[in-house]
Amino acid sequence: MTISMEKAAKGTAATARQPGFLRKSYERLGPGGGIAAIVLLLIVLAAALAPLLAPYDPDFPDLLAALNGPTAAHPLGTDALGRDILSRLMWGARITLAGPGLVILLSTLVGTVLALVAAWCGGRVDTVISWVLDILFAVPGIVFALISVAIWGPSLFTVVAGLAVAYVPYVARVVRGAGLRERNLPYVSAAWLQGQSGAGITFTQILPNVQPIVIAQAVSSLGFAVIDLASVSFLGLGVQPPTADLGLMVKSGFDSVLRGHPGEAISAGVLIILIVWCVTVIGDRLTTTARSMR
């Protein structure tokens, strides 16, 4: 009885010494990454809670209040149609975060599967997949978005589809290299001798070990996806007015700059830069951590 109680006490003490989620995250991200994560979390929360927090309807025009500067009623002023800039930033951040997030999710899923298949099969399969990835990698992502818009018309989903195809090689090339390295390690040979299938080894043994690299690459690519999606919206080929979108706000605020009212363009541009900075810093820290785990 005494021995059991001592073991239980030791187990409880060991559990208490284990670092919590927040401490582990801070150790992985460091001070700079931690600040970036907090800022990004605040932006995500503001965007997610926009229906509750936004003071005005983002699409409701008030021509009598057009191009007003910052006031108590409109902390960031109004645009050329009298719409509240703060409300449009909060609603526009939803699309600016969700669109690139969907691009990275789709490209990461497809790219990871192709990379692991190429790494495991090797030979002609690896050659063909690598050849296709090289072709996709040679074409700028925004070109795929423009081709998608030309075929199916301007909308958020057509741009997301085009960019998702363009971002597949960004993930696949990195994961393929990691998969080739893992394939030659002893634990893979041991699993093969135990009778596991190639698919089973690939997705139950190799995939968990390359997961940190997959996540780091996905987060690092998110910043580029934000810029590409905002660029397409700025060209008027993505999200269509009057929907609030940061790229569209930069475009619509561009004309107001010439009339001495740069508030809309500056606010949207700064928020885009802030989002890209946050995901870039976090991605760099995750990449460093993934490399140290090899």
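Keep in mind it's a predicted model, so treat the numbers as computed, not measured.
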Inset, instruction - With the side chain counted from C-beta on, respond yes when Leu246 and Leu89 share a heavy-atom pair under 4.5 Å apart, and no when they do not. - result: yes
Legend entry - Note, Leu86 side chain near His74 side chain (heavy atom, < 4.5 Å): no
Inset, instruction - Return yes if some donor-acceptor pair links the side-chain N/O of Thr78 with the main-chain N/O of Asn68 below 3.5 Å, else return no. - result: yes
Inset, instruction - I would like to know whether Leu237 and Val159 meet side-chain contact (heavy atoms from CB on, under 4.5 Å); could you show each step before the answer? - result: CA-CA 8 Å; Leu237 300 176; Val159 174; 5.7 Å; no
Inset, instruction - Please tell me if the side chains of Val39 and Ile275 come closer than 4.5 Å, counting only heavy atoms from C-beta onward. - result: no
Inset, instruction - Might you point out which heavy atoms bring Leu67 and Ser256 nearest each other, and give the distance in Å? - result: CD2-OG, 3.6 Å
Legend entry - Straight-line distance of Ser130 OG to Arg176 CZ, nearest 0.5 Å: 3.5 Å
Legend entry - Connected via hydrophobic side-chain network under 4.5 Å: Leu40 and Trp277: yes
Legend entry - Min side-chain heavy-atom separation Ser87-Pro55 under 4.5 Å: yes
Legend entry - Sidechain-backbone polar pair: Glu264 side chain, Pro262 backbone, donor-acceptor under 3.5 Å: no
Legend entry - Distance under 6.0 Å and angle within 45° of ring axis: Arg94 vs Trp91: yes
Inset, instruction - Take Thr112 and Leu207, measure what side-chain contact (heavy atoms from CB on, under 4.5 Å) needs, and give me the verdict at the end. - result: CA-CA 9 Å; Thr112 300; Leu207 179 58; 3.8 Å; yes
Legend entry - Transitive ILVMFWY side-chain link Leu41 to Val281, under 4.5 Å: no
Inset, instruction - With rounding to the nearest 0.5 Å, note down the distance linking CZ in Phe157 to CH2 in Trp152. - result: 14.0 Å
Legend entry - Salt-bridge criterion met for Asp59 and Arg88 (N-O under 4.0 Å): yes
Legend entry - Nearest atoms (heavy-atom pairs only) where Val168 meets Ser107: N-CB, 3.8 Å
Inset, instruction - Check Leu97 against Ala47 and note the closest heavy-atom contact, atom names and distance. - result: CD1-CB, 4.2 Å
Legend entry - Check: Val226 and Val279 side chains under 4.5 Å, non-hydrogen atoms: no
Legend entry - Path from Leu222 to Ile273 over hydrophobic side-chain contacts below 4.5 Å: no
Inset, instruction - Might you work through the side-chain contact (heavy atoms from CB on, under 4.5 Å) test for Leu81 and Leu63, ending with a clear yes or no? - result: CA-CA 5 Å; Leu81 296 178; Leu63 297 180; 4.1 Å; yes
Legend entry - Thr287 versus Ser220, closest heavy-atom pair with distance: OG1-OG, 3.6 Å
Inset, instruction - Kindly confirm or rule out a cation-pi arrangement of Arg83 over Tyr56, judged by NZ or CZ under 6.0 Å from the six-membered ring centre and within 45° of its axis? - result: no
Legend entry - side-chain contact (heavy atoms from CB on, under 4.5 Å) evaluation trace for Leu114 with Val175: CA-CA 9 Å; Leu114 289 177; Val175 177; over 6 Å; no
Inset, instruction - Calculate, to the nearest 0.5 Å, the distance between atoms OG and CG belonging to Ser148 and Leu163 respectively. - result: 8.5 Å
Inset, instruction - With the side chain counted from C-beta on, respond yes when Arg173 and Asp134 share a heavy-atom pair under 4.5 Å apart, and no when they do not. - result: yes
Legend entry - Near-ring test Phe144/Tyr167, centroid separation under 6.0 angstrom: no
Inset, instruction - State yes or no: do Leu64 and Ile85 share one hydrophobic cluster built from I, L, V, M, F, W and Y residues joined by side-chain heavy-atom distances below 4.5 Å, directly or via other members? - result: no
Legend entry - For the student: nearest non-hydrogen atoms of Ile206 and Tyr187, plus distance: CA-OH, 3.8 Å
Legend entry - Backbone N/O of Pro154 and side chain of Gln240: donor-acceptor pair under 3.5 Å: no
Inset, instruction - Could you tell me whether the side chain of Ser252 and the main chain of Met249 form a donor-acceptor pair under 3.5 Å? - result: yes
Inset, instruction - Decide yes or no for Ile215 and Gln211: does some side-chain heavy atom of the first lie under 4.5 Å from some side-chain heavy atom of the second? - result: yes
Legend entry - Atom pair OG (Ser267) and CG (Leu76), whose distance is rounded to the nearest 0.5 Å: 5.0 Å
Inset, instruction - Calculate, to the nearest 0.5 Å, the distance between atoms CG and CG belonging to Leu105 and Leu109 respectively. - result: 5.0 Å
Legend entry - Distance (rounded to the nearest 0.5 Å) between Leu235 CG and Leu248 CG: 10.5 Å
Inset, instruction - Would you mind listing the cluster partners of Val270? Hydrophobic ones only (ILVMFWY), side-chain contacts under 4.5 Å, chaining allowed. - result: Ile266
Inset, instruction - Heavy atoms only: give me the nearest Ala172-Leu133 pair and the separation to one decimal. - result: CB-CD1, 3.5 Å
Inset, instruction - May I ask whether Val125 and Leu180 are part of the same hydrophobic cluster, defined by side-chain heavy atoms of I, L, V, M, F, W, Y residues being less than 4.5 angstrom apart, directly or through others? - result: no
Legend entry - Short side-chain to backbone donor-acceptor contact, Thr202 and Leu116, under 3.5 Å: no
Inset, instruction - Keeping the roles fixed (side chain from Thr158, backbone from Gly153), state whether a donor-acceptor pair exists under 3.5 Å. - result: yes
Legend entry - Side-chain donor/acceptor of Ser231 to backbone N/O of Ile227, under 3.5 Å: yes
